[in-house]
Visitor: 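Quick one: the structure is below, and I'll ask about it shortly.
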Amino acid sequence: MQQFMKTQVMKTQVCIIGAGPAGLLLGHLLRAEGVDCVVLEARKPDYVRSRIRAGVLENITVSLMERLGLDARLKTEGLPHDGFNLADGERLIRIDIADLVGQNVCVYGQTEITADLMDAAEDRGLQVNYEAESVALHDVGGDAPYVTYTQGGVEQRVDCRFIAGCDGFHGPSRKAIPASVAQEFELVYPFGWLGILADVPPCNHELIYANHERGFALASMRSATRSRYYIDVPLTERIEDWSDDRVWDELAVRLGPEAAAKITRGPALEKSIAPLRSYVFAPMRHGSLLLCGDAAHIVPPTGAKGLNLAASDVHYACAALVGYFRSADNDGIAAYSNKALARVWKSERFSWTLTKLMHRFPGDGPFERAMQVAELDYIASSRAAQTSIAENYVGLPV
Ligand code: APR
Ligand code: PHB
């Protein structure tokens, strides 16, 4: 006799796929507005919690955490930064963002944002189903999409009005949009960033992005006692070949003697190499599926825009969904893709420009280098150029 395992069916207004920052933020915002939703996440909570990512927040990200009343730790532990520095081998060019555009950024790890959102989920009635396997999207082109997955061996189905694809670059959501309507734009860079996290005081109170003849370096931080540094390396490098000492030696050379004198070395809490990519997928909505965050776009980390772009997508998506459920207003849904993409492209442009300016590309010759020198010289001497960098760094208006 054949045995049938019954599929468990759940109904909700919005099924969110992925519990990264995009999915968790959207879930919390929708719950706060009284919209029903459920979040499906492939991984275990500990895995989601332990991912180390960037740590510079624009106003949009801070303001969404404020709106949710989940900014208590961010307020006490986040470090407001009024400026950052570009090092060109000889000097530090300080971009005084507070003076130039009257705003600042907040240094607070994405890991902490994720923890704050995860910790508040139960209290706020946000249902997150972890270890959801084989998540698949169905009928996204129509008005009654659904999502299937298995959990603990039991088949599950979520019937919903909308699906929010917040499942990062490798998730299934983007692939559910038919190739016939999709466009992809991609640039893969010929290097990766080797990052090291250590419990040592930062070498400088502000970030330093350095373009040195040996390559790029970034001095960043998580707190007064935890530092985050990066160098660029060829994609052929293996992390096993980079002892902590080798990384510290390279950082000291690339960041220049003044910063090097203030570097405190310590054992790596985390060390890894991440490739760099610029990627945009359009449209960001198809029928009842809205894409948010890395599911739709990737930026190289040079401008620290990844998390912040996910936050601005979520801001637009939340407004569109709330408009739909509260007032039967479809305009926000119809406008979502164009609205989100307009901001995405500007962040892509900024991240790409800063990446080109601050890295030594393998094929580049004397002309390309002269362009970098001229541009850095221009930035050093022009308030207008610095203002342009500052307004992009703090985040363009949403
Ligand atoms: N089913 C369910 N969940 C999935 C699936 C799947 N098949 N595939 C991926 N996911 C989950 C991932 O495990 C992850 O938790 O989707 C989540 C996507 O999270 P992120 O990759 O962090 O993407 P996003 O939330 O858009 O965050 C954008 O975070 O990833 C960084 O660089 C990125 O800073 C940027 C920001
Ligand atoms: C980080 O602190 O991890 C960081 C900061 C700035 C960047 C990228 C990463 O541009």
Side-chain angles (χ1 to χ4, degrees), residues 15-27 39-45 47-58 61 79 81 84-86 105-114 117-118 128-137 147-151 163-176 193 195-197 202 206-209 216-223 226-230 270 272 274-277 279 291-314 317 347 350-351 354-355 358 393:
C15 180
I16 299 172
I17 305 178
L24 290 172
L25 255 182
L26 181 61
V39 185
L40 306 179
E41 165 59 49
R43 303 288 193 154
K44 293 187 169 134
Y47 179 91
V48 174
R49 228 174 241 284
S50 63
R51 278 193 295 233
I52 310 276
R53 297 255 170 82
V56 178
L57 309 185
E58 295 177 3
T61 311
L79 306 170
H81 278 210
F84 69 97
N85 303 275
L86 301 176
V105 290
C106 178
V107 171
Y108 187 70
Q110 180 172 318
T111 313
E112 308 309 324
I113 291 274
T114 306
L117 294 168
M118 286 176 78
V128 186
N129 293 353
Y130 291 95
E131 297 182 75
E133 291 169 35
S134 312
V135 169
L137 298 83
V147 178
T148 54
Y149 65 103
T150 60
Q151 199 159 37
I163 299 174
C166 302
D167 45 0
F169 188 63
H170 301 287
S173 294
R174 186 176 68 246
K175 293 164 199 142
W193 275 20
I196 185 168
L197 183 73
E206 289 176 350
L207 272 62
I208 305 174
Y209 295 83
F216 170 82
L218 168 59
S220 181
M221 68 195 73
R222 291 289 174 271
S223 69
R226 184 169 283 190
S227 299
R228 180 73 167 156
Y229 290 96
Y230 300 91
E270 194 265 354
S272 56
L276 266 66
R277 180 198 306 269
Y279 175 86
L291 301 177
C292 298
D294 279 17
H297 42 73
I298 299 287
V299 283
T302 324
K305 293 288 171 223
L307 168 64
N308 297 300
L309 264 190
S312 61
D313 290 351
V314 161
S347 285
F350 180 66
S351 308
L354 206 56
T355 303
M358 299 310 291
Y393 200 77

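Start at 1 and go down the list; that is how both ligands and their atoms are numbered.
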Visitor: Hey, which atoms in ligand 2 end up nearer than 4.0 Å to a heavy atom of Gly55?
Guide: 1 (C), 2 (O), 3 (O)
Visitor: Under a 4.0 angstrom heavy-atom cut-off, which atoms of ligand 2 come close to Ala304?
Guide: 6 (C), 7 (C), 10 (O)
Visitor: Under 4.0 Å from a heavy atom of Tyr209: give me the atoms of ligand 2 that qualify, with their elements.
Guide: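 That gives atoms 6 (C), 7 (C), 10 (O) of ligand 2.
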Visitor: Do me a favour and list the nearest non-hydrogen protein atom to atom 2 (O) of ligand 2 with residue, atom name and distance?
Guide: Ser220 OG, 2.5 Å
Visitor: Looking at atom 8 (C) of ligand 2, what's its closest protein heavy atom, distance included?
Guide: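 Ranked first by proximity to atom 8 (C) of ligand 2 is Pro301 O, 3.2 Å.
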Visitor: Could you list which atoms of ligand 2 come closer than 4.0 Å to a heavy atom of Thr302?
Guide: 10 (O)
Visitor: What are the atom names and distances for all N or O pairs under 3.5 Å between ligand 1 and the protein?
Guide:
residue: ligand 1; atom: 3 (N); partner: Ala42; partner atom: N; Å: 3.1
residue: ligand 1; atom: 13 (O); partner: Glu41; partner atom: OE2; Å: 2.7
residue: ligand 1; atom: 15 (O); partner: Glu41; partner atom: OE1; Å: 2.6
residue: ligand 1; atom: 15 (O); partner: Glu41; partner atom: OE2; Å: 3.3
residue: ligand 1; atom: 15 (O); partner: Arg51; partner atom: NH1; Å: 3.2
residue: ligand 1; atom: 15 (O); partner: Arg51; partner atom: NH2; Å: 2.7
residue: ligand 1; atom: 22 (O); partner: Arg53; partner atom: NH1; Å: 2.9
residue: ligand 1; atom: 25 (O); partner: Pro21; partner atom: N; Å: 3.3
residue: ligand 1; atom: 25 (O); partner: Ala22; partner atom: N; Å: 2.9
residue: ligand 1; atom: 26 (O); partner: Asp294; partner atom: N; Å: 2.8
residue: ligand 1; atom: 29 (O); partner: Gln110; partner atom: NE2; Å: 2.7
residue: ligand 1; atom: 30 (O); partner: Arg53; partner atom: NH1; Å: 2.5
residue: ligand 1; atom: 30 (O); partner: Asp294; partner atom: OD2; Å: 3.2
residue: ligand 1; atom: 32 (O); partner: Asp294; partner atom: OD2; Å: 3.3
residue: ligand 1; atom: 34 (O); partner: Gln110; partner atom: OE1; Å: 2.9
residue: ligand 1; atom: 34 (O); partner: Leu307; partner atom: N; Å: 3.0

Visitor: Going by the order shown, which atoms of ligand 2 are within less than 4.0 Å of some heavy atom of Val56?
Guide: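 Those of ligand 2 that fall under 4.0 Å from Val56 are 5 (C), 6 (C).
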Visitor: Does a side-chain N-to-carboxylate-O contact under 4.0 Å join Arg51 and Glu270?
Guide: no
Visitor: Under 4.0 Å, heavy-atom basis, I'd like to know which part of Ala54 is in contact with ligand 2: side chain, backbone, both or neither.
Guide: both
Visitor: Short list, please: which atoms of ligand 2 are under 4.0 Å from a heavy atom of Leu207?
Guide: 5 (C), 6 (C)
Visitor: If every non-hydrogen atom of Arg49 is compared with every non-hydrogen atom of Thr111, which pair is closest and at what distance?
Guide: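 Shortest heavy-atom separation between Arg49 and Thr111 comes out as O-CG2, 3.2 Å.
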